[in-house]
Amino acid sequence: MRERVIIDFETTGLSAMMGDRATEVAAVVIDETGIIDRFQSLMNGGRQIPLFVQQLTGISNLMIRQAPKAETVMRQLFDFIAGRPLVAHNASFDHGFLSAELDRIGESCPTGLLCSMKVARRVYPEAPNHRLATLIAHTRIEATGQYHRALADAEMTALLWLRMEQKLQHDFALPEVPLDLMRRIQTAPCKTLDKFVDSFKRRTWPGLNPLTHP
DNA sequence: TGCCAGGCCCTCTTTAGGGCCTT
C-alpha cells in the first residue's frame, strides 16, 4: 500500500518567520484507490486574523478562540501523518508553517515535501496559471468544497496529484508512478519533461519501450 | 485590498529583475 499524505494550512498570513500562525489544518491520505482517510481541525495559535484573511478563508477570530490549542492539534496531526510522505500545493509555504508549529511541540519537521504546484507546472505547462483552483478547473476535477478551507484544498490537491500520476502513467506507458519519479520531476527543467521521464523510464525499467505516447 | 516572505521560474538573464504561488 503506497500511501501519501496531502496537507494544507490556513494561516493568519504568509510568513511563519514573521509571526503568522496556522488557523486550520487538514491532511488527507491517498493510495492507488483514491482518498482513504481525512484529518481536519481549526487551531488556536493566539494570533489575530487580519480582516482580509478572514474574508478570504471564512475563518473568524471567534471561530479560532473556540478552537483547540494549536499544540493539541499539531500533536494529533503529527500522529496522523505517521511518517508518511507529504505533498502540498506550493509546498514551501506549508512547509514553513508545518515546521514552525511542530517546533512548538518539540517535534522535527519531515523533510522533502513534494510540491503539486511544481509538478503541475511541468505536467500542465499549457494551463492558464498554476493556482490550485485553476488547475482543478483545467483538469475538469469536480470541486469538493470551498476554496481556502483546509480540508477542501487538501482534498482537491489530492485529486490533482492522483490525476497527474494517472496522466504520467498513461502518456509515458509506465508500469507505475514511483514517488521518486514525482520527486525528480518537480526539480527537472520545465521544458524537458518528455526527455526526462523517458530517461527515468529507461533506467528504471530497461526492458520497456522508451517511446512515449503523443 | 494589498502589503508583509521566500523559493521557483522565465527572460529583453547569468554582475538581474519581475511574476507566480501560498494566507
Side-chain angles (χ1 to χ4, degrees), chain A residues 5-28 40-64 67 70 73-74 77 86-104 109-139 141 143-161 164 182-196:
Chain A
V5 179
I6 288 74
I7 63 168
D8 186 77
F9 281 99
E10 304 305 318
T11 70
T12 62
L14 294 177
S15 175
M17 296 287 288
M18 297 290 287
D20 286 315
R21 296 294 305 272
T23 57
E24 186 181 44
V25 65
V28 302
Q40 177 273 331
S41 181
L42 292 166
M43 51 198 285
N44 184 355
R47 185 174 172 98
Q48 289 287 110
I49 309 172
L51 179 58
F52 164 68
V53 181
Q54 292 184 57
Q55 292 171 337
L56 178 72
T57 64
I59 299 172
S60 67
N61 284 310
L62 176 60
M63 292 164 67
I64 292 308
V73 175
M74 290 306 296
L77 176 69
L86 292 173
V87 178
H89 198 70
N90 195 11
S92 64
F93 173 85
D94 291 281
H95 183 263
F97 283 93
L98 179 65
S99 178
E101 298 291 351
L102 284 177
D103 190 56
R104 294 174 185 273
C109 184
T111 59
L113 263 71
L114 290 149
C115 181
S116 55
M117 185 184 73
K118 286 184 186 177
V119 175
R121 280 181 167 151
R122 290 154 176 82
V123 173
Y124 300 115
E126 77 286 359
N129 59 60
H130 296 88
R131 298 173 194 163
L132 179 60
T134 303
L135 289 165
I136 292 300
H138 181 73
T139 54
I141 293 171
T144 64
Q146 176 192 345
Y147 285 108
H148 298 299
R149 286 303 297 264
L151 182 59
D153 283 3
E155 286 180 337
M156 288 187 277
T157 301
L159 296 176
L160 174 65
W161 188 261
M164 292 193 293
M182 300 298 268
R183 194 178 305 282
R184 288 168 186 266
I185 283 176
Q186 67 178 8
T187 58
C190 279
K191 295 177 179 176
T192 60
L193 180 68
D194 287 3
K195 289 182 179 177
F196 185 85

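Chain identifiers are assigned alphabetically (A, B, ...) following the order of the sequence lines, protein sequences preceding nucleic acid strands; residue numbering begins at 1 within each chain.
A donor-acceptor distance shorter than 3.5 angstrom exists from the side chain of A/His130 to the backbone of A/Tyr124, with no hydrogens or angles considered. Counting only distance, with no hydrogens or angles, the side chain of A/Asp153 and the backbone of A/Tyr147 share no donor-acceptor pair below 3.5 Å. Remark: side-chain polar atoms of A/Glu10 are not paired, donor with acceptor, to backbone N or O of A/Ile59 under 3.5 angstrom.
Within 4.0 Å (heavy atoms only), A/Gln54 reaches no atom of the nucleic acid at all. Across all strands shown, A/Thr57 has heavy atoms under 4.0 Å from sugar-phosphate atoms exclusively, and none from any base. Contact annotation for A/Ile49: no contact, since no heavy-atom pair falls under 4.0 Å across all strands. Residue A/Asp94 is classed as having no contact, given no heavy-atom separation below 4.0 Å to the nucleic acid. Residue A/Phe9 is in sugar-phosphate contact alone, with no base atom involved, counting any heavy-atom pair closer than 4.0 Å across all strands shown.
Nucleotides B/dG18 and B/dC4 place their P atoms 13 Å apart, quoted to the nearest Å. The separation of B/dT15 from B/dC20, taken at their P atoms, amounts to 25 Å, rounded to a whole angstrom. Of the P atoms belonging to B/dG2 and B/dA16, the separation is 30 Å, rounded to the nearest Å. With both ends at atom C1', the span from B/dC9 to B/dT14 equals 14 Å, rounded to whole Å. The same atom, P, is picked in B/dC8 and in B/dC12; the two are 22 Å apart, to the nearest Å. For the C1' atoms, the distance from B/dG17 to B/dT13 is 9 Å, rounded to whole Å.
A side chain to side chain donor-acceptor pair (under 3.5 Å) with A/Thr12 is found for exactly one of A/Thr23, A/Asp20, A/Asn61, namely A/Asp20.
The side chain to side chain contact (heavy atoms under 4.5 Å, CB included) search around A/Pro189 returns A/Thr192, not counting sequence neighbours.
Both A/Asp20 and A/His130 lie close to DNA chain B; mapped to their nearest nucleotides by heavy-atom distance, the more 5′-ward contact belongs to A/Asp20. Between A/Asn129 and A/Lys118, the residue whose closest nucleotide on DNA chain B is further toward the 5' end is A/Lys118.
With contacts defined as side-chain heavy-atom distances shorter than 4.5 Å, the pair A/Glu24/A/Thr57 does not qualify.
Put simply, chain A comes within 4.0 Å of DNA chain B, heavy atom to any atom, from B/dT1 to B/dT23, going 5' to 3'.
Taking both residues in full, the closest heavy atoms of A/Arg47 and A/Met18 are given as NH2-O, 4.3 Å, listed atom of the first, atom of the second, then distance.
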